[in-house]
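Along the sequence shown, residues carry numbers from 1. Whatever order the structure lists them in is the order used to number ligands and atoms, beginning at 1. Because the structure is predicted, anything quoted here is derived from the model rather than measured.
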Amino acid sequence: MIKRVFAVICVILVLSAALSAAYYPKRIVFDTDIGSDVDDGLALSLIHAMIARGELDLLAVTSTNASALVPGYVRMLNGYFGRPDIPIGTPDMPAMLMDGNFMRLTLDALEARCVADPSAPPPAEPAVPLLRRVLAESPDRSVTILMVGFATNLARLLDSPADEISPLTGRELIARKTDRLIVMAGTFNDRPADYVENNIRFDIEAARRVADDWPVPVVWEGHEIGSRLLFPLERLDRIFAADPEMPAYVSCRHFGIPTMALWDLAVPLYAVHPDYFRLGPPGRVTIREDGTCAFTPEENGRDRYIEPLTDEESTRILEAFGWLLSQPPRRNAE
Ligand SMILES: [Ca+2]
């Protein structure tokens, strides 16, 4: 009897190891408002460093910024790391259009270095069909979605009907194909009750839709986390002294803010290395009509938020950002 129990336990352990190993590297979609700030580009660079380390697989980059510069800019960032063909999704109903001048300046300076044929169109298509296809083609519960911009694309994915891509609705696809959503949005601790966080403010309706009905667990990185992740530009100068043409760094130089808050980098770092962070209790996030948000503790609740960082935690996380960003690009093509 004891032998049989032991055998069953062994089978369970082997099966669970096989299941978790099946999706390592982790398969992610990166949904971003890239072009509004420079931390999105640094976060995408951090993702590429983790791809080179065998930790991540990037299935698509989808943008909620409708700027015509975005597809070329994202292709350039991906191309620097030798992956210019990663699919890029563009919003079909823009909440915002931001032609960050740093995108144009970086493209002018570096596109030809990063992309074999800059005159060829970037691999861009509408975001919602792209998201539906990526999910439909993925094994069950194998995709983690990272959101570091507005909720526009994800709300429209959630409400998408069955179509020729999949007989499942968007909500059914998310429930079946994804394991988690990790978002930078809202605030859960140290802001006034009437504070409306940026990623919610520009598309409150979409953020409410996602908060109300997203069918899998959600981890929320509130505004208070990135506010503690302050990275001086001169620290980037030292990191990229050997490669001053790294596109996301060049964009930071054009952006010109002497100390940047790196909100968006915490999301991919959490996806792969959650031990850098502590989570609050399970519960439910709601977003009110005015864009303010609330967290209600709830047993087995869908949502968790990242607890405010101690000085020691923010130091360790900034060190991790530094060593990941300073990793030489191991290009797929090489
Ligand atoms: Ca962002």
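Listed here is the closest heavy atom pair of D57 and P25: N-CB, 4.1 Å. When all heavy atoms of V250 and P244 are compared, the pair lying nearest together is CG2-O, 3.2 Å.
Using a distance-only test at 3.5 Å, with no hydrogens or angles considered, a donor-acceptor pair links the side chain of R132 to the main chain of L168.
Of the charged side-chain nitrogens involved, none lies within less than 4.0 Å of a carboxylate oxygen, so that R104 and D108 do not count as a salt-bridged pair.
Between F102 and Y73, the two ring planes are perpendicular [angle over 60°; tilted spans 30° to 60°].
A side-chain N or O of D179 and one of T144 form a donor-acceptor pair less than 3.5 Å apart.
Of all protein atoms, those of element N, O or S that lie under 3.0 Å from the Ca ion (ligand 1) number 5.
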